[in-house]
Protein chains: 2
Amino acid sequence: MSSETIWPDEVFSDLDRNGPVPLYYQVASRLERAIRSSVIPAGSRLENEISIAQRLGMSRPTVRRAIQELVDKGLLVRRRGIGTQVVQGQVSRPVELTSLYDDLQSTSHEPTTRTLLHAIIPAPEEIAEQLRIAEGTDVLHLRRVRRSDGTPVAILENYLPAPFTDIAEDDLDTRGLYQVLRARGVAIRVANQAISARRAKGDEADLLGISRGGPVLTTERVVFNDAGEVVEYGIHCYRPDLYRFETTLVAK
Amino acid sequence: MSSETIWPDEVFSDLDRNGPVPLYYQVASRLERAIRSSVIPAGSRLENEISIAQRLGMSRPTVRRAIQELVDKGLLVRRRGIGTQVVQGQVSRPVELTSLYDDLQSTSHEPTTRTLLHAIIPAPEEIAEQLRIAEGTDVLHLRRVRRSDGTPVAILENYLPAPFTDIAEDDLDTRGLYQVLRARGVAIRVANQAISARRAKGDEADLLGISRGGPVLTTERVVFNDAGEVVEYGIHCYRPDLYRFETTLVAK
DNA sequence: AAGTGGTCTAGACCACTTT
DNA sequence: AAGTGGTCTAGACCACTTC
């Protein structure tokens, strides 16, 4: 309740209609900035789509698309016959399809990596199945410890099929696996991921600096490229006191 | 490589152009069914959008929207200048904005609930902050154990602000919290959620039937309704050997 | 040069909510 | 009755990839 048709103005002063950045994206970005900085306050109602389109001098579908972006992000809520409103809470970024290295880097920590294992092995049955290749085919097996400011936060185990089996150990010291793949022209698009938890086993507790048998947060993911082919199978475990997955869910 | 322009035909035999179901949704559903049942095989390329539109007798934007739905779900991959292809792997359903009760029910288990705590309390600071209400305001505090076929799988702790503090204990025995809320006209739209892990503490191990100090998978979520208002704050913990979150990530 | 998806326009009609 | 978002049309031009 109590949501006036508030509407700020100079939010869209610098739209570039000839540049390479899509119009809808520019509008969405500026709207998001205005919402996150409370220039458009939480709970307030937006002007209707047609008015916005007229005032910005663009078509309604373009405005709609911009708004839809923010609805999908969970910042806005639309109701037919009512209007579009800003959600009350601040919104966390979704689970991104980036490597942990990028995540840590973007949150201004200093990530480092130590490689424990770097070997080419014939794929065991389960790995082959996940990678959609024949059992026994050569794959690159990696096991690394990821540190943030010197503190271990995760153990990363990865399996990569050809043509990535020649990735060098040195490449992975200063860059995340995904950065290395991107540099090789791999466009990562889709991943299937499962998150769960279990006791630390083997050397994991020592590597992470937690007590034996203590809890670890686990992920298992299969990553696909642009062409829908499998690029990587990863089994990771994280220190749960230092890491959590934050996401925004939007009802379909 | 090796992706022919395969294209089946009688997939779209029963489109209803006058019913209430949107055209793009019908097309997307039928396409998804065809892909999941391998009528359209993994890795194959789709016809281009304009041809599809012509053959189905609809406009290109409508076809585009249908395809986009499946791209967002991670079933299809689009590349400019190349075409649209089916992703290799089978796709898991994303983390849904449903209650655990619904989840368990839809996977054909028999969920039951035992309420441990059902009390109205003045909101402590942290709870008030999450619910965006004043400290000390009355909230409903719930603590329940969720079982699947008699086996405990989760401990659910929830805090609800007015006007939901009058939800009766009986209501929650046979239905999930979200079902109860929906029955009261609440349309759930957005949630911010964090997933992590920790040791079981207090009575949790006994309630879940796991060893003392064993690992539990935890979630913390703030749920918003249609109007962007906070409906619920929940802190849940799950038996990690019986529960995991599966999701499909799609690069923006 | 030809073919693909990406963006954008300028409307139209409808379903739903509020007055 | 008036106002809102939801869907759909029939085009247009562009950027990118392949031949």
Side-chain angles (χ1 to χ4, degrees), chain A residues 1-5 7 15-29 44-72 76-86 185 187 189 225-228 251-252, chain B residues 1-5 7 15-29 44-72 76-86 185 187 189 225-228 251-252:
Chain A
M1 61 201 92
S2 78
S3 49
E4 308 269 314
T5 311
W7 186 243
L15 292 175
D16 174 13
R17 305 189 70 103
N18 297 319
V21 182
L23 251 187
Y24 78 89
Y25 187 85
Q26 295 184 50
V27 174
S29 304
S44 67
R45 221 182 70 207
L46 260 53
E47 207 176 335
N48 75 66
E49 299 173 345
I50 296 179
S51 315
I52 297 176
Q54 285 177 345
R55 216 151 42 63
L56 296 186
M58 58 187 73
S59 71
R60 186 186 167 203
T62 301
V63 170
R64 248 188 97 71
R65 178 155 183 193
I67 291 176
Q68 188 60 48
E69 294 267 316
L70 302 192
V71 170
D72 291 341
L76 296 176
V77 168
R78 278 204 277 219
R79 281 180 293 174
R80 189 194 307 220
I82 309 245
T84 304
Q85 280 177 303
V86 180
R189 268 303 166 76
N225 69 4
D226 244 15
K252 62 148 199 162
Chain B
M1 59 202 93
S2 76
S3 47
E4 308 269 314
T5 311
W7 186 242
L15 293 174
D16 175 13
R17 305 188 71 103
N18 298 319
V21 182
L23 251 185
Y24 77 87
Y25 187 85
Q26 295 184 50
V27 173
S29 304
S44 68
R45 221 181 71 207
L46 260 52
E47 208 176 337
N48 75 66
E49 299 172 345
I50 296 180
S51 315
I52 297 177
Q54 285 177 342
R55 216 150 43 64
L56 296 184
M58 58 187 71
S59 71
R60 184 184 167 202
T62 302
V63 171
R64 248 188 96 72
R65 179 157 181 191
I67 291 177
Q68 188 61 46
E69 294 268 316
L70 302 192
V71 170
D72 291 341
L76 295 177
V77 168
R78 278 206 277 221
R79 282 181 292 175
R80 189 192 306 218
I82 308 244
T84 304
Q85 279 179 302
V86 180
R189 267 306 165 74
N225 68 5
D226 244 16
K252 64 144 196 166

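First the proteins, then the strands, lettered A, B, ... as listed; each starts at 1.
- Residues from residues 61-69 of chain A lying near DNA chain C, meaning a heavy-atom separation below 4.0 Å, are A/Pro61, A/Thr62, A/Arg65 in numerical order.
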Checklist entry - Passes side-chain contact (heavy atoms from CB on, under 4.5 Å), A/Met58 versus A/Leu15? Steps please. => result CA-CA 11 Å; A/Met58 58 187 73; A/Leu15 292 175; 4.0 Å; yes
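- B/Leu23 comes within 4.0 angstrom of sugar-phosphate atoms only, judged by non-hydrogen atoms across all strands, and of no base.
- How far CG of A/Leu46 is from OG1 of A/Thr84: 6.0 Å, rounded to the nearest 0.5 Å.
- In this structure, B/Arg17 CZ and B/Leu23 CG are separated by 5.0 Å, a value rounded to the nearest 0.5 Å.
- Residues forming a side-chain contact (heavy atoms from CB on, under 4.5 Å) with A/Arg79 (at least two apart in sequence, or on another chain): A/Ile82, A/Gln85, B/Asp226, B/Ala227.
- Considering only residues two or more places apart in sequence or on other chains, A/Ser51 meets the side-chain contact (heavy atoms from CB on, under 4.5 Å) condition with A/Glu47, A/Asn48.
- At whole-Å resolution of the value, CD in A/Gln85 and P in C/dT17 are 14 Å apart.
- Checking the phosphate oxygens (OP1, OP2) of D/dG3, no side-chain nitrogen or oxygen of A/Asn48 falls inside 4.0 Å.
- Put simply, CG on B/Leu76 is 16 Å from C1' on C/dG6, counting in whole angstrom units.
- In this structure, the separation between CG on A/Asp72 and CD1 on A/Ile67 is 12.0 Å, given to the nearest 0.5 Å.
- Taking atom OH of residue B/Tyr25 and atom P of nucleotide D/dT7, one finds them 11 Å apart after rounding to whole Å.
- Interatomic distance, A/Thr62 OG1 to A/Ile52 CD1, rounded to the nearest 0.5 Å: 12.5 Å.
- Comparing B/Arg78 and A/Met58 against DNA chain C, the residue whose closest nucleotide sits nearer the 5' end is B/Arg78.
- If you measure from atom CD of A/Glu49 to atom P of C/dA12, you get 17 Å, rounded to the nearest angstrom.
- Under the 3.5 Å distance criterion, the side-chain polar atoms of A/Gln26 are matched with a main-chain donor or acceptor of A/Asp16.
- Residues satisfying the salt bridge (Lys or Arg N to Asp or Glu O under 4.0 Å) criterion with B/Glu49, sequence neighbours excluded, are B/Arg60, B/Arg64, B/Arg78.
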Between the protein and nucleotides 13-19 of chain D, are there any N/O to N/O pairs under 3.5 Å, and if so, what are the atom names and distances?
{"residue": "D/dA15", "atom": "O4'", "partner": "B/Arg80", "partner atom": "NH1", "Å": "2.9"}

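- In this model, the phosphate group of D/dT7 is approached by a side-chain N or O of B/Tyr24 to a distance below 4.0 Å at OP1 or OP2.
- Rounded to an integer number of Å, the gap from CD1 of A/Ile50 to P of D/dG6 is 12 Å.
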Item to check | Dot-bracket summary - DNA chain C, pairs being Watson-Crick or G-U whose distances fall under 3.5 Å, with | when paired to another strand | outcome: ||||||||||||||||||.
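- In this structure, the separation between OH on B/Tyr24 and OG on B/Ser29 is 9.5 Å, given to the nearest 0.5 Å.
- What separates CD of A/Gln26 from P of C/dT7 is a distance of 12 Å, to the nearest Å.
- Close to C/dG5, at under 4.0 Å from its OP1 or OP2, lies a side-chain N or O of B/Thr84.
- A distance of 11.5 Å separates CZ in A/Arg65 from OH in A/Tyr25, rounded to the nearest 0.5 Å.
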